[in-house]
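What follows is one structure encoded as structure tokens, with my remarks underneath.
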Amino acid sequence: MDLFTHQLRLHADPSRVVVRPFHIAWAGNAGAPSRTERLVGEVLEMTSAEARIQLEVVLKDFEARHWQTRRVFMTRYDQIEDMLGLNGADIGDEKRQLIGAYFCHEYSYAAAALMNPSAVPHFDQSGMPPGSLRILMSMRAVGEGHISSVAFREGIITDQNLMKLAPEPPFATATDAVGSGEDEMPQGPVTVYRHRDSTLSGTVIFPITQAQSKGLEDLRIVRFQHDNGDYEWIGTYTAYNGSVIQSELMRTRDFRAFDLVPMTGPAARNKGMALFPRKVNGQYMMIGRQDGENLFLLKSDTLTDWDDGEKILTPLYPWELVQIGNCGPPIELDEGWLLLTHGVGAMRKYSIGAVLLDKDDPSKVIGRTQQPILAAKDQDREGYVPNVVYSCGALRHGDALFLPYGIADSSIGFAFVKITDMLAAMK
């Protein structure tokens with residue numbers, strides 16, 4: 001099979017940092033001032049000159065590393081003011097900024113790994129010449145404490161297998177949840193917002209609810225077409241709190257506001273769910289791995305509640321005998337639904353293959369590749385988890401499939417493969 005791989009690799013980058021809230025115990029002990037109250041009191045006791053000197057030290061170290069640093073400090077101060085009931089009118093700007101700085105910290109969101117991408121058509125296709133497509137890619141970024149977040153990258157691909165990624169902005173910013181409290185983490189659905197001055201390539205979505213506290217993992221994003229013809233970008237991901245996982249949805253129409261919505265039902269207790277890009281026979285459908293070994297077709301009348309499904313694919317070939325799973329949402333072709341799969345073989349080596357499902361009845365498997373279309377080898381073997389190639393979603397452009405993929409749970413590579421070649425390789 002003719003597979004064209006790019007030399008470009010995206011790697012972990014500890015220099016990519018954002019300012020995050022630094023949480024200090026806010027409640028007092030047996031009537032004694034809390035650590036938060038003590039720290040704020042220390043700043044308030046400073047003279048104006050002392051506060052100015054300390055703020056200058058902080059700004060010298062950090063102002064050039066972040067977007068609108070002073071505004072970030074003031075925003076953080078406002079949260080502390082609300083929590084402690086302070087009167088900001090009696091506190092000068094410099095002391096307020098300094099208080100905010102004490103309750104912030106730098107977080108290197110992609111210091112450990114950048115992996116498991118998913119690609120969709122960009123919401124803005126203006127100015128694209130014939131044969132070119134603007135794309136949007138989500139990535140799993142792993143930082144301190146092995147906490148996963150969602151990062152984005154924009155780019156352009158052509159029908160000549162050319163690719164160019166938009167430059168990363170010098171500053172990265174985290175999404176905000178308006179009205180989130182300091183004393184406890186939100187529990188249910190939550191909406192986060194991109195900073196109004198930040199590009200999407202510089203935006204990071206961090207865990208915000210208790211269920212997500214240790215990571216947002218492996219976003220599989222799809223451009224979903226509703227019955228009325230409107231599009232919405234919907235992604236499925238795994239929320240992890242350190243001991244329990246649950247599947248959730250990320251929903252957006254403008255990539256300014258993102259709804260993070262827990263799913264319910266037996267199927268939502270598993271990871272790796274991938275949504276079809278439209279309803280099939282009047283129902284929402286997903287591909288999932290409900291038992292850690294086989295692939296299932298899931299059906300639902302709503303986007304948020306999912307029962308266990310029907311087993312449609314089991315390991316068959318040597319490169320997938322340990323287990324199989326999906327590598328992103330199914331892709332609609334004239335011939336049927338093209339589903340990329342990952343298989344695990346001997347020595348826990350991961351490979352990527354493909355199957356074709358019936359267009360009207362996706363429970364029927366029309367064909368599957370006997371050999372992988374991409375396997376871990378040579379430069380793709382070494383990394384945090386060796387011998388792994390993995391994707392959370394490819395996209396069709398013309399007669400080819402653009403396939404971004406994670407390498408050894410450490411970096412990201414890119415490939416193009418002709419769809420006709422994949423179909424010809426199926427049995």
Indicate whether the side chain of S201 and that of E154 have a donor and an acceptor atom separated by less than 3.5 Å.
yes
Looking just at side-chain N and O atoms, do E81 and Q79 make a donor-acceptor pair shorter than 3.5 Å?
no
Is there side-chain contact between R278 and E332, with heavy atoms separated by less than 4.5 Å?
yes
Please give me the minimum heavy-atom distance between I412 and N116, naming the atom from each residue.
CG1-N, 4.4 Å
Check whether NZ of the Lys or CZ of the Arg R76 lies under 6.0 Å from the centre of the six-membered ring of F103 and within 45 degrees of that ring's axis.
no
With a 6.0 Å cut-off on the ring centroids, do Y405 and F414 count as close?
no
Would you confirm whether S213, through its side chain, and T209, through its main-chain N or O, come within 3.5 Å as a donor-acceptor pair?
no
Heavy atoms of V18 and H66 approach each other most closely as C-CE1, 3.8 Å
Considering all heavy atoms, the nearest E248-P262 contact
CG-CA, 3.6 Å
Could you walk me through whether D13 and R16 pass salt bridge (Lys or Arg N to Asp or Glu O under 4.0 Å), step by step?
CA-CA 6 Å; D13 184 358; R16 301 294 294 176; 5.1 Å; no
For Q212 and Q210, what are the C-alpha separation, side-chain angles and deciding distance, and is it a side chain to side chain donor-acceptor pair (under 3.5 Å)?
CA-CA 5 Å; Q212 306 163 356; Q210 182 63 47; over 6 Å; no
With a 4.0 Å cut-off on N to O distance, would you call E335 and K359 a salt bridge?
no
Can we call the ring centroids of Y193 and H195 under 6.0 Å apart?
no
With a cut-off of under 6.0 Å to the ring centre and 45° to the axis, is K214 in cation-pi contact with Y240?
no
Taking it one step at a time, do H6 and F416 satisfy ring pair (Phe, Tyr, Trp, His ring centres under 6.0 Å)?
CA-CA 8 Å; H6 279 261; F416 286 88; 5.6 Å; yes
Donor-acceptor pair, distance only, cut-off 3.5 Å: does the side chain of S300 make one with the backbone of L303?
no
With the threshold set at 4.0 Å, does a side-chain nitrogen-carboxylate oxygen contact exist between K271 and D218?
no
First locate atom CG of L219, then atom OG of S149, and finally report the distance between them rounded to the nearest 0.5 Å.
11.5 Å
Shortest non-hydrogen contact between R194 and L200, atoms and distance
NH1-N, 3.5 Å
For R256, does the CZ atom have more than 12 heavy-atom neighbours from other residues, nucleotides or ligands under 6.0 Å away?
yes
Compare every heavy atom of R220 with every heavy atom of C392, then report the nearest pair and how far apart it is.
O-CG, 3.3 Å
Does the side chain to side chain donor-acceptor pair (under 3.5 Å) test come out yes or no for D305 and T264, once each step is laid out?
CA-CA 5 Å; D305 188 71; T264 57; 2.6 Å; yes
Are R396 and F402 in a cation-pi contact, defined as NZ or CZ under 6.0 Å from the six-membered ring centre and within 45° of the axis?
no
Between S411 and R9, is the side chain to side chain donor-acceptor pair (under 3.5 Å) condition met? List the steps.
CA-CA 7 Å; S411 60; R9 294 287 187 271; 5.4 Å; no
Is the closest side-chain heavy-atom distance between F296 and E310 below 4.5 Å?
no
Mutual orientation of the aromatic rings belonging to W233 and Y231 [parallel < 30°, tilted 30-60°, perpendicular > 60°]:
tilted
Checking side-chain polar atoms at under 3.5 Å, does T191 have a donor or acceptor matched by the opposite partner on D259?
yes
Looking at CG of L114 and CZ of R153, how far apart are the two atoms once the value is rounded to the nearest 0.5 Å?
9.0 Å
Taken to the nearest 0.5 Å, the spacing of D358 CG from D360 CG works out to 5.5 Å
Could you tell me whether E144 atom CD has more than 12 heavy atoms of other residues or ligands within 6.0 Å of it?
no
So do the side chains of S132 and I156 get within less than 4.5 Å of each other, counting heavy atoms only?
yes
I need the minimum non-hydrogen distance between D291 and N294, along with the two atoms involved.
OD2-ND2, 2.6 Å
Quick one: are M347 and N387 in side-chain contact, heavy atoms under 4.5 Å?
no
Indicate, with yes or no, if the rings of F255 and F123 have centres closer together than 6.0 Å.
yes
Can we call the ring centroids of H342 and Y350 under 6.0 Å apart?
yes
Can you tell whether the side chains of E293 and K311 come within less than 4.0 Å, N to carboxylate O?
no
